[in-house]
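Beneath this line is the structure, given in structure tokens, with notes to follow.
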Amino acid sequence: MTRPAKDFFAPLAVGAPAPPREIPARPSRAIHFFDPGNAKMAAKVPDMVGTVDVLLGNLEDAVKAENKEKSRQGLVDIGKATDFGPTQFWTRINSLDSPWVLDDLTTLVPEIGDKLDVIMVPKVQGAEDIHYVDRLLAQLEAKAGLDRPILVHAILETARGVANIEEICAASPRMQGLSLGPADLAADRRMKTTRVGGGHPGYLVRQDPVRDDLGVPQYDSQRTSYQQDLWHYTIARMVDACAMHGIYPYYGPFGDIKDTVACEDQFRNAFLLGCVGAWSLHPAQITIANKVFSPSVEDVAHARRVIAAMGDGTGAVMIDGKMEDDASVKQCQVMVALAEELAAIDPELKKQYDAISADGEVQA
Ligand SMILES: CCC(=O)SCCNC(=O)CCNC(=O)[C@H](O)C(C)(C)COP(=O)(O)OP(=O)(O)OC[C@H]1O[C@@H](n2cnc3c(N)ncnc32)[C@H](O)[C@@H]1OP(=O)(O)O
Ligand SMILES: O=CC(=O)O
Ligand SMILES: [Mg+2]
């Protein structure tokens, strides 16, 4: 059950910092996963600061059971030693039914709670999971004397989680966003796939058969087929639930690291539908996410042109043969606002966007 409005923003422990009234729109095009217990990966973290929007120390799946303590301690060491500058610092804790999660939270909050921006909670099933984490975080924050609340991000990777999506988003003012967890979700739904995200050649629609002069279908005729997006339904639900609650949706992992083309396509589908970022499992995927989740110069130029032409934003105008009105100007404002947020942290993008005049002309 949701708390009554008068209590929704009250701290859940005496001395805990006040929960946020609004979740800031911090750029998070790539949430880059690393195993803090893997010496090679950990060594790369300091140099990645400033090159990626989010660095996430992963403690859950992909960390072997016998390395859980080592990874947790590695995360504490990295958190203490690193100045994260403009880059956000997140972690993914173990699942709430695991033997490790309590130690994850009771270690991380006192040790590096002042550095952690967001805690990603896997396999969230419903509001009850967020309520548990919410109260425990408040108690730990109060005990540690933290003055800033740690935000919570839920991975949607069970059928029950998807069914309860709205209540999960509404469960706490700490809720920062949702990620799609396609691998666990596929298993939980008993989908017949064996991949980590991405498409499947068998999930397609096929053109109707050509008919002969008598109208008889020629089933063996050449028929084009189009692969479909397995994740469209879930991403679309996530986008609506997040937008309704003022929080942020993300595509999750794309496991075929070498298939950079399909990864870019999957990320772009998510971007176009309304996601703000995706996970990066390998340094090569940071480049893809940064490219895809940054609006193109052409889109920003067009958006500025429409906004300039629309004046106070009401009425209708024709630009290049197309009707623009209040609704298209609002889309253009979303594009320009994102460009401005990204320009504030990405000097290369700033240069590109600065070359666009207020009325959408691109200077050479
Ligand atoms: C399935 C659902 C999920 O839960 S997905 C989230 C959980 N999975 C993960 O977090 C996986 C993270 N990534 C990895 O473990 C590795 O990237 C995997 C996929 C195993 C590939 O590693 P590897 O075979 O070493 O790749 P590589 O030889 O191309 O690496 C080149 C250099 O880059 C490093 N590297 C690799 N991945 C990362 C990373 N995520 N962050 C930082 N550094 C990374 C490698 O250590 C390697 O370093 P070096 O050049 O040898 O010094
Ligand atoms: O944790 C992510 C997933 O796809 O499962
Ligand atoms: Mg998972």
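We count residues from 1, following the sequence as given. Read the numbers this way: they start at 1 and go in the same order the structure lists the ligands and their atoms. Computed from a prediction, not measured in an experiment: that's the story for all the values here.
The residue from L137, D129, V118 that alone fulfils the side chain to side chain contact (heavy atoms under 4.5 Å, CB included) condition with V152 is L137.
At a heavy-atom cutoff of 4.0 Å, ligand 2 is contacted by no atom of P122, backbone or side chain.
Because the distance cut-off is set at 2.8 Å, D184 qualifies as a neighbour of the Mg ion (ligand 3) through one of its N, O or S atoms. Look at E60 and the Mg ion (ligand 3): no N/O/S atom of the residue is under 2.8 Å from the metal.
A side-chain donor-acceptor contact under 3.5 Å links D134 and S172. A side-chain donor from one of D104 and N94 sits under 3.5 Å from a side-chain acceptor of the other. No side-chain donor-acceptor contact under 3.5 Å links S179 and Y251. T107 and E111 are not linked by any side-chain donor-acceptor pair at a separation below 3.5 angstrom, with hydrogens and angles left out of the test. In this structure, a donor-acceptor pair under 3.5 Å is absent between the side chains of T314 and D326.
Between the choices M120, K123, E157, the shortest heavy-atom distance to atom 2 (C) of ligand 2 belongs to E157. Across Q285, R92, R195, heavy-atom proximity to atom 4 (O) of ligand 1 is greatest for R92.
Atoms of ligand 2 found under 4.0 Å from any heavy atom of P182 (numbered from 1 in listed order, with element): 3 (C), 4 (O). Set against the non-hydrogen atoms of N58, the atoms of ligand 1 under 4.0 Å away are 7 (C), 10 (O). For ligand 1 and D61, the ligand atoms under 4.0 Å from any heavy atom of the residue are 7 (C). Close contacts between ligand 2 and W279 involve ligand atoms 1 (O), 2 (C) [criterion: under 4.0 Å to a heavy atom]. Interface atoms of ligand 2 facing G181, defined by a heavy-atom separation under 4.0 Å, are 2 (C), 3 (C), 4 (O), 5 (O).
A salt bridge is defined here as a Lys NZ or Arg NE, NH1 or NH2 lying under 4.0 Å from an Asp or Glu carboxylate O, and E141 with R174 meets this definition.
Counting only heavy atoms from C-beta outward, the side chains of R26 and Q88 approach each other to under 4.5 Å. Two residues are said to be in side-chain contact when any heavy atoms from C-beta on lie closer than 4.5 Å; C169 and L178 meet this criterion.
Ranking protein heavy atoms by distance to atom 34 (C) of ligand 1, first place goes to K44 CE, 3.9 Å. Nearest protein neighbour of atom 9 (C) of ligand 1, counting heavy atoms only, is A62 CB, 3.9 Å. Nearest to atom 13 (N) of ligand 1 among the protein's heavy atoms is L281 O, 2.8 Å. Remark: minimum distance from atom 41 (N) of ligand 1 to any protein heavy atom is reached at H32 NE2, 2.8 Å. If you check which protein heavy atom lies closest to atom 22 (O) of ligand 1, you get H282 CD2, 4.6 Å. Atom 14 (C) of ligand 1 has M41 CE, 3.4 Å as its closest protein atom, hydrogens excluded (heavy atom only). Atom 37 (N) of ligand 1 has its closest protein heavy atom at P283 CD, 3.6 Å. Given atom 1 (C) of ligand 1, the protein heavy atom at minimum distance is V196 CG1, 3.7 Å.
The shortest N or O to N or O distance between F33 and ligand 1 is under 3.5 Å. Residue-to-ligand polar distances place A183 within reach of ligand 2: an N/O pair is separated by less than 3.5 Å. Polar contact check, D184 against ligand 2: a nitrogen or oxygen pair lies under 3.5 Å apart.
Proximity of a side-chain donor or acceptor of N164 to a complementary backbone N or O of I168 within less than 3.5 Å is not detected.
The minimum heavy-atom distance linking L349 with S294 is given by the pair CD1-OG, 3.5 Å.
Using the six-membered ring where Trp is involved, H153 and W90 have ring planes that are tilted, between 30° and 60° apart. Between F293 and F271, the ring-plane angle classifies as perpendicular under the 30° and 60° cut-offs.
The protein does not reach atom 25 (O) of ligand 1 closely, with no heavy atom under 4.0 angstrom from it. There is no protein heavy atom less than 4.0 angstrom from atom 28 (O) of ligand 1. Put simply, atom 6 (C) of ligand 1 has protein non-hydrogen atoms near it, under 4.0 Å away. At a distance under 4.0 Å, a protein heavy atom can be found next to atom 49 (P) of ligand 1.
By the 6.0 Å contact criterion, NZ on K115 is enclosed, its count of non-hydrogen atoms from other residues, nucleotides or ligands being greater than 12. Other residues, nucleotides and ligands contribute at most 12 non-hydrogen atoms within 6.0 Å of the CZ atom of R135.
For the pair E60 and ligand 1, no heavy-atom separation below 4.0 Å is found.
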